[in-house]
Amino acid sequence: MAKAAVAPRLRRRERKNITSGVAHVNASFNNTVITITDAQGNTIAWSSSGSQGFKGSRKSTPYAAQMAAEDAGKKAMEHGMRTAGDRGQGTGSGRESALRALQTVGFAVTSIRDVTPIPHNALPAAETAARISCREG
């Protein structure tokens with residue numbers, strides 16, 4: 001007398017009612033990662049060029065960044081998000097196209113900030129420091 005196997009209930013993902021947030025676009029030379037967070041910095045949705053199926057040098061293209069931004073935007077809109085401020089980081093080619101893709105999905109972009117870290121000649125590169133010390137000695 002075997003018991004009938006009972007299939008476990010699938011839990012439905014909880015829908016958060018978050019109306020505004022921040023879209024973090026990290027565009028490097030190799031990949032583009034889009035993370036959409038709420039005002040406190042908790043991740044709501046994310047996507048990357050690699051997770052969209054692009055491989056190799058195609059990950060760093062503006063089209064791949066556009067597809068990743070559309071995917072992350074649709075996921076965030078499921079949670080009720082409508083407006084987002086944009087924080088772009090990096091020197092990759094996908095920053096502007098990711099921003100435009102978020103606008104085409106239906107986001108109202110309120111602000112755009114470039115948060116790319118810029119060195120202010122604080123410390124020389126390790127290789128340069130090693131060359132300087134060899135010359136002195």
Side-chain angles (χ1 to χ4, degrees):
M1 294 242 190
K3 287 187 175 180
V6 178
R9 285 188 182 171
L10 292 176
R11 277 195 166 173
R12 213 169 140 211
R13 203 175 349 168
E14 179 182 328
R15 186 175 184 272
K16 305 167 184 72
N17 285 322
I18 301 165
T19 57
S20 64
V22 181
H24 301 269
V25 179
N26 188 348
S28 69
F29 289 119
N30 297 320
N31 201 358
T32 303
V33 180
I34 293 96
T35 308
I36 300 177
T37 65
D38 60 6
Q40 288 79 31
N42 301 315
T43 301
I44 304 301
W46 70 274
S47 186
S48 69
S49 300
S51 68
Q52 294 301 305
F54 294 95
K55 291 185 178 179
S57 61
R58 289 190 292 268
K59 287 195 298 187
S60 59
T61 60
Y63 178 70
Q66 176 185 345
M67 299 301 288
E70 286 177 3
D71 182 49
K74 287 176 186 174
K75 288 178 187 175
M77 289 186 100
E78 289 176 4
H79 294 291
M81 192 169 290
R82 294 285 175 258
T83 61
D86 183 65
R87 295 183 64 170
Q89 178 177 353
T91 56
S93 60
R95 257 191 346 189
E96 284 80 16
S97 62
L99 174 63
R100 287 196 187 99
L102 286 173
Q103 289 175 332
T104 58
V105 168
F107 275 94
V109 178
T110 57
S111 67
I112 301 169
R113 286 185 61 192
D114 184 11
V115 292
T116 305
I118 300 170
H120 297 285
N121 289 340
L123 293 173
E127 190 175 315
T128 310
R131 282 192 203 145
I132 292 170
S133 65
C134 290
R135 288 184 198 154
E136 293 172 355

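Just so we're clear, the structure is a prediction, and the values are computed from it rather than from any experiment.
With a 4.5 Å cut-off on side-chain heavy atoms, Asp114 and Arg95 count as touching. Side-chain contact check for Thr35 versus Thr37: some heavy-atom pair is nearer than 4.5 Å. A 4.5 Å side-chain heavy-atom check between Thr32 and Val25 finds at least one atom pair inside the cut-off. Contact check for Asn26 versus His24: no side-chain heavy atoms found under the 4.5 Å cut-off.
Val33 and Val105 are assigned to two separate hydrophobic clusters, defined by single-linkage of ILVMFWY side chains at heavy-atom distances under 4.5 Å.
Here Tyr63 sits in one hydrophobic cluster together with Phe54, Met67; the rule is ILVMFWY side chains under 4.5 Å apart, joined directly or through other members. In this structure, Ile112 belongs to a hydrophobic cluster whose other members, linked by side-chain heavy atoms under 4.5 Å apart, are Leu99, Val109.
Separation of atoms OG1 (Thr19) and CG (Asn17) is listed at 9.0 Å; rounding is to 0.5 Å. Taken to the nearest 0.5 Å, the CG atom of Asp71 stands 12.5 Å off from the CD atom of Gln66.
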Donor-acceptor contacts under 3.5 Å from residues 81-88 side chains, at least two apart:
none

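With sequence neighbours left out, Asn31 forms a side-chain hydrogen bond (donor to acceptor under 3.5 Å, both in side chains) with no residue at all. For Ser48, the side-chain hydrogen bond (donor to acceptor under 3.5 Å, both in side chains) test picks out Ser51, with sequence neighbours left out. Gln89 is linked by a side-chain hydrogen bond (donor to acceptor under 3.5 Å, both in side chains) to nothing, counting only residues two or more places apart in sequence or in another chain.
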**OP:** Please report the C-alpha distance between Met77 and Phe107 in whole Å, then the side-chain angles of each, then the deciding distance to 0.1 Å, and finally whether the side chain to side chain contact (heavy atoms under 4.5 Å, CB included) criterion is met.
**Re:** CA-CA 8 Å; Met77 289 186 100; Phe107 275 94; 3.9 Å; yes

Subject >> Derivation of the side chain to side chain contact (heavy atoms under 4.5 Å, CB included) call for Trp46 and Ile34 >> reply: CA-CA 6 Å; Trp46 70 274; Ile34 293 96; over 6 Å; no

